[in-house]
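Because the structure is a prediction, the values reported are computed rather than measured. Here is the naming used below: chain letters follow the sequence lines, and residue numbers restart at 1 for every chain.
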Number of protein chains: 2
Amino acid sequence: MSRSNRERTEATRQALITAGRRLFVDRGYAETPTPDIVTAAGVTRGALYHHFEDKKALFRAVVEQEAAAVALAIEAGSADVTTPRQALLAGASAYFDAMAVEGRTRLLLLEAPAVLGPFDMAALDGDHAEASLRSGLLDVVKGSRSEALLGPLTALLSSAFDRAALAIAGGGDRAGYEAAIALLLDGLTDELRR
Amino acid sequence: MSRSNRERTEATRQALITAGRRLFVDRGYAETPTPDIVTAAGVTRGALYHHFEDKKALFRAVVEQEAAAVALAIEAGSADVTTPRQALLAGASAYFDAMAVEGRTRLLLLEAPAVLGPFDMAALDGDHAEASLRSGLLDVVKGSRSEALLGPLTALLSSAFDRAALAIAGGGDRAGYEAAIALLLDGLTDELRR
DNA sequence: AATAAAACATACAGATTGTACGCAAATATG
DNA sequence: CATATTTGCGTACAATCTGTATGTTTTATT
């Protein structure tokens, strides 16, 4: 049985990422020693440090994969929408669905910002969701006074979405959070039309 | 020169907390070895482990002190206010002022949630600010339909405040964030009066 | 003054990270 | 196709860090 080098690399890389994800979610980044990761992946630390520069690089790969999955789910979830309002609410709902995957909020919203820093975090497409929100909000603020507030408004609401995702993942009342978000968006919309 | 035991304890505890704060802010919790902390504090690791159960306990003490300072500043900042709207906006402004102290956003909003967990974090008066916000929002939603959304709305806006504080600390445009928050609050107020 | 207890320093054991080195399988080269 | 070379990965090692155990000095107790 002989595998091509590319296959081998891809297989062990993914095994490490999968095992790492499992342990990072269960115990957190700091409390997860690399020996445990490689054991779970069925390799040795030699393989880990061959494919990744250090432990943090493996974590980054896990987070990147997770962020990509979220971006994909949102892309798919935002099918045909009618009004800007519907688009925003549907986007929020898709985001909550995507973030409902177990461990995802811990990885993306708690561990990653601290481990990678909010700087690396922004570069890492963590704001793909934010960009989507931004374009949705643009339809709302466009033409109004305070169109200049698009940036701050996007950041604020994005943060609110994250908080809602965290709360929902923690057993919070999803309907309540969705209603609250609708309220904020509707209020914002009205307020800009005076 | 002989100091009372209470004085000694208080002095070295505070020296450790101060040195720890400085290093945690500069390098982050994980990248700060205890030998560096005790050297900066002018003691040895023996003193550290005599006064704190472990490194995390020292970090917790730093965060507690920081959170208390924020709570105090907000308390003082919310002097005589007239309307609920003014109360909320003044509270936000006081919060931003308090969080503008260097390193505070990193400690309270980035490191602490990851190191202590959002669980310990909530218990740790991190939501003193949130409680204040909640009571301010109560005046807004009171009597309206969707009074039941007070909880989610508080969480969402609290998160938005945190994000604004982070952005401002990172050199963001404070006036823009304050305006955006005013917009959200005003919109919410109007929306509930229909 | 003598004893107890608290504050702290020193010494040590275990664990963890990253690196150096070695070997075997796969790919490149003539 | 044979040999050289690179790639994947396992093993061994050195440096560091954390927490504990043990000693020493200073303050409190009686």
Provide a list of protein-nucleic acid N or O atom pairs under 3.5 angstrom, restricted to nucleotides 8-14 of chain D.
unit_1  : atom_1 : unit_2   : atom_2 : d
dG8(D)  : OP1    : Thr9(A)  : OG1    : 2.6
dG8(D)  : OP2    : His50(A) : NE2    : 3.1
dG8(D)  : O3'    : Arg8(A)  : NE     : 3.4
dG8(D)  : O3'    : Arg8(A)  : NH2    : 3.3
dC9(D)  : OP2    : Thr12(A) : OG1    : 3.0
dC9(D)  : OP2    : His51(A) : NE2    : 2.4
dG10(D) : OP2    : Thr44(A) : N      : 2.8
dG10(D) : OP2    : Thr44(A) : OG1    : 2.3
dG10(D) : O5'    : Thr44(A) : OG1    : 3.2

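Applying the 4.0 Å criterion to OP1 and OP2 of dT16(C), one finds that Thr34(A) has every side-chain N and O outside that range.
Counting only distance, with no hydrogens or angles, the side chain of Glu10(A) and the backbone of Arg6(A) share no donor-acceptor pair below 3.5 Å. Between the side chain of Arg60(A) and the backbone N or O of Leu116(A) there is no donor-acceptor pair closer than 3.5 Å.
In this structure, the CD atom of Glu31(B) is 14 Å from the C1' atom of dT16(D), given to the nearest Å. The distance between atom NZ of Lys55(B) and atom P of dT16(C), rounded to the nearest whole Å, is 15 Å. Rounding to whole angstrom units, CD of residue Glu10(B) and P of dA6(C) are separated by 17 Å. The nearest whole Å value for the distance from the CG atom in Asp54(B) to the P atom in dG14(C) is 20 Å. Across the protein-nucleic acid pair, Tyr49(B) atom OH and dT20(D) atom P stand 8 Å apart, rounded to whole Å. In this structure, Lys56(B) atom NZ and dC17(D) atom P are separated by 18 Å, rounded to whole Å.
Closest-nucleotide positions on DNA chain C for Asp36(A) and Glu53(A) were compared, and the one nearer the 5' end corresponds to Asp36(A).
Residues Arg22(A) and Thr32(A) bring no donor and acceptor atom of their side chains to less than 3.5 Å of each other. Looking at Thr9(B) and Arg3(B), their side chains never bring a donor and an acceptor atom within 3.5 Å of each other.
Within 6.0 Å of CD on Glu31(B) lie more than 12 heavy atoms contributed by other residues, nucleotides or ligands.
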Take Leu88(B) and Leu157(B) through the test side-chain contact (heavy atoms from CB on, under 4.5 Å) and record every step on the way to the result.
-> CA-CA 11 Å; Leu88(B) 281 169; Leu157(B) 286 174; over 6 Å; no
